There are 2 protein chains.
Amino acid sequence: MAVTIYDVAREANVSMATVSRVVNGNQNVKPATRKKVLDCIERLGYRPNAVARGLASKKTTTVGVIVPDISISFYSELARGVADIATMYEYNIILSNSDERTVREVELIEDHLGKQVDGMIFMSDSISDEVRKEMATANIPIVLAGTLDVEKQLPSVNIDYEEAAYMAVKKLIDSGHKRIVFASGPFTRDINRASKKVGYIRALEEAGLPVEEELIIELDNSYDTAYQNWHRIAELPGKPNAIVATNDRIAVGILNGLRDNGLSVPEDYEIICFEHSNMARVVRPQLTSIVVPLYDLGAVAMRLLTKLMDGEEVSEEQVILPFRLEERDSMKK
Amino acid sequence: MAVTIYDVAREANVSMATVSRVVNGNQNVKPATRKKVLDCIERLGYRPNAVARGLASKKTTTVGVIVPDISISFYSELARGVADIATMYEYNIILSNSDERTVREVELIEDHLGKQVDGMIFMSDSISDEVRKEMATANIPIVLAGTLDVEKQLPSVNIDYEEAAYMAVKKLIDSGHKRIVFASGPFTRDINRASKKVGYIRALEEAGLPVEEELIIELDNSYDTAYQNWHRIAELPGKPNAIVATNDRIAVGILNGLRDNGLSVPEDYEIICFEHSNMARVVRPQLTSIVVPLYDLGAVAMRLLTKLMDGEEVSEEQVILPFRLEERDSMKK
DNA sequence: CTGAAAGCGCTAACAG
DNA sequence: CTGTTAGCGCTTTCAG
């Protein structure tokens, strides 16, 4: 049997309340008593039971983090940002993978709520109605990280994806391209349909260029699929040779697909990538890219969550972080 | 106030014990009663409080996972394996980053134990005495994943790193190399000093080749450091042109450093990489490499942990998984 | 098949 | 500055 607060109290000849005060840093304890208690704690190897504490105090100092897939570097970098700030504020993290399946997302939220997390960080390319409904039943704050809420209701931390896409496309247009392939993740996902694609179209229209449906290529978000689909781009009529990808996995997949089949970047194709996670950082040629501050997205989201959990007044719950376009070698100079 | 088991009991005109039985799938409940209770649960939106349950049952169905840095793909892929099996057995995961700092590792183990995790998965390149001592105070099973215990005491899941290093070096020797650079992570870490380096030396000696200290290059484990240190290899007397790296970050860092400075792989340098995580998978030329089954390492470790937590008899607590050497394009054919 | 009752280990008033 | 006393919401005997 593990040693409890009672054992310490008995050993130190004080009440459990006093031990509790010492453990929780309450100042109303005479230094001598404090020392005596601390000694007993040390001697007995007492370790406070966070579960009992959680039950009594109704706070678990634990936050739930739901992520599509932690093995994808975009999410693992975000998660690291979340984790560091969580540590700073002494929260633990319960991490779960949803694979972006709505059913699973709902299950996980339910599950985390059952564990009595004090707050939650949620990541996905889209918020379904079911998820939205589930979140509404929660009595704890939930912050979206790198996740778009088209209804602009939920607290969130993002960059302006539409503007970023617009800027990427414009970059290509400015360097002379008139036909730009938009290699995107599923349009069933808000972030692609309602944001990045909108930016793509806006840039085109603003330049007086036609929106050609055949240049819009919908893929899933996997590297492998993008890799295998290089030829869909290569076989496009009129051979458009500029590509903007909605994320790293797609950009790098296409880049490698093209190169492994004898085509060159940027000579044959110019590519702009989105995100620039560690995965994209190591490929060559280095990718001209929208650099999303992944770590910061996670860190700021967690910081926002701490404020919400503490009941602090937050002036703006929809945080937009800056991004930048970095020119490297996947476009001609 | 959230709805409790009492509310459901009152609503259904049964005792809380009966509600508990229904919730926990105990068969000793008359179908009619069960249905009545289930209806009330549904109607009231009752959600069992896992914290209270944990306190009463002394099981939290939560396991702690301590990882050096989740944003490193090696670890995030291992973590995904752990998470999937955890989900399968209905465990949640508390994930924490240690940055491989002993002090932090000890703190985290203490912290997770306080949270009453039912078991733990631990990852690091070395197990310090402090960590070992801390683990000894735990009354729960702890399994090492991708983490070497030189004392062979703790339950663990690994590949045979020494044999893998031996095989990598032998591969280079067999293709004619006599001077092979060993680009390694810190030798303060067991996995490098007591295992991979041992394999390197064994291969050399077996081939009657001298062990040249100057060819053994100690780096930290970061991509950036390796990238910046390409010249240490390029400037080596006699220009050895075969390299074996102890992990992906080092291999890819050196590869890119070399290439960005006008050298070619495999023409100027032949490289064998270790791990082959997603990060290594996307670089070109594709790396001839020791392929470590990352996901499986995590999955098997978690499976082992479930057995240990269930008190099942385990025939072998030191699991060694197979690895393979895959030939690709960072060596001449 | 069901209910009563005793905790699990700790926090948080409330007294003193 | 310290002790007493209720719970927190649930599991788990033990009876019946």
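Just so it is clear: chains get the letters A, B, ... in the order the sequence lines come, proteins before strands, and each one is counted from 1. Note that the coordinates shown come from a computational prediction; the quantities given were computed from them, not determined experimentally.
- Counting only residues at least two apart or in different chains, salt bridge (charged side-chain N to carboxylate O under 4.0 Å, His left out) contacts with residues 113-129 of chain A comprise A:K59-A:D118.
- Pairs of residues two or more places apart, or lying in two chains, never qualify as salt bridge (charged side-chain N to carboxylate O under 4.0 Å, His left out) while including a residue from residues 306-321 of chain B.
- Regarding A:L55, its CG atom lies at a distance of 12 Å from the C1' atom of C:dG7, rounded to whole Å.
- Qualifying side-chain contact (heavy atoms from CB on, under 4.5 Å) partners for B:K133, counting only residues two or more places apart in sequence or in other chains: none.
- In this structure, B:K58 reaches the C:dG9 phosphate: one of its side-chain N or O atoms is under 4.0 Å from OP1 or OP2.
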Each nucleotide N or O in nucleotides 3-5 of chain C that has a protein N or O under 3.5 Å away: list the pair and distance.
residue : atom : partner : partner atom : Å
C:dG3   : OP2  : B:S15   : N            : 2.9
C:dG3   : OP2  : B:S15   : OG           : 3.2
C:dG3   : OP2  : B:T18   : OG1          : 2.7
C:dG3   : N7   : B:R21   : NH1          : 3.4
C:dG3   : O6   : B:R21   : NH2          : 2.4

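- In this model, a donor atom of one side chain and an acceptor atom of the other lie less than 3.5 Å apart for A:T137 and B:R47.
- Phosphate contact (OP1/OP2 of D:dG9, side-chain N/O of B:R53, threshold under 4.0 Å): absent.
- Residues passing the salt bridge (Lys or Arg N to Asp or Glu O under 4.0 Å) test with A:D190, sequence neighbours excluded: A:R193.
- Residue contacts for A:S57: at a heavy-atom cut-off of 4.0 Å it reaches the sugar-phosphate backbone alone, with no base atom in range.
- Closest approach to the A:A56 side chain among C:dC1, D:dC8, D:dT11 is made by D:dC8 (side chain taken as heavy atoms from C-beta onward).
- Using a 3.5 Å distance cut-off with no hydrogens or angles, the side chains of A:R189 and A:S124 do pair a donor with an acceptor.
- When the nearest nucleotides of DNA chain C are assigned to B:R34 and B:A52 by heavy-atom distance, the more 5′-ward of the two goes with B:R34.
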Return all side-chain donor-acceptor pairs below 3.5 angstrom for residues 37-44 of chain B, not counting sequence neighbours, or 'none' if the list is empty.
residue : atom : partner : partner atom : Å
B:D39   : OD2  : B:K35   : NZ           : 2.9
B:R43   : NH1  : B:E11   : OE2          : 2.6

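- When the side-chain contact (heavy atoms from CB on, under 4.5 Å) test is applied to B:D149, the partners found at least two apart in sequence or on another chain are B:R132, B:L144, B:E151, B:Q153, B:L154.
- Phosphate proximity of C:dT2 to B:N28: absent, as no side-chain N or O sits under 4.0 Å from OP1 or OP2.
- Within the helix from C:dC1-D:dG16 to C:dG16-D:dC1, the inter-axis angle between the opening and closing five-pair segments is 30°, rounded to 10°.
- If you measure from atom CD1 of B:I5 to atom C1' of C:dT2, you get 14 Å, rounded to the nearest angstrom.
- Within residues 110-117 of chain A, no residue places a heavy atom under 4.0 Å from DNA chain D.
- Residues meeting the salt bridge (Lys or Arg N to Asp or Glu O under 4.0 Å) test with B:R80, sequence neighbours left out: A:D69, A:D99, B:D84.
- Under the rule for a salt bridge (Lys or Arg N to Asp or Glu O under 4.0 Å), A:E105 has no partner lying at least two apart in sequence or in another chain.
- Atom CG in B:N26 sits about 10 Å away from atom P in C:dC1, given to the nearest Å.
- Contact of the A:T306 side chain with the A:Y91 side chain is registered, since non-hydrogen atoms from C-beta on lie closer than 4.5 Å.
- When the side-chain nitrogen and oxygen atoms of B:Y6 are compared with OP1 and OP2 of D:dG7, none of them lie within a distance under 4.0 Å.
- Using a 4.0 Å heavy-atom cutoff across all strands shown, A:N49 reaches sugar-phosphate atoms only and no base atom.
- One interatomic measurement links the two molecules: NZ of A:K59 to P of C:dC10, which rounds to 18 Å at whole-angstrom precision.
- With sequence neighbours left out, the salt bridge (Lys or Arg N to Asp or Glu O under 4.0 Å) criterion links B:E130 to no other residue.
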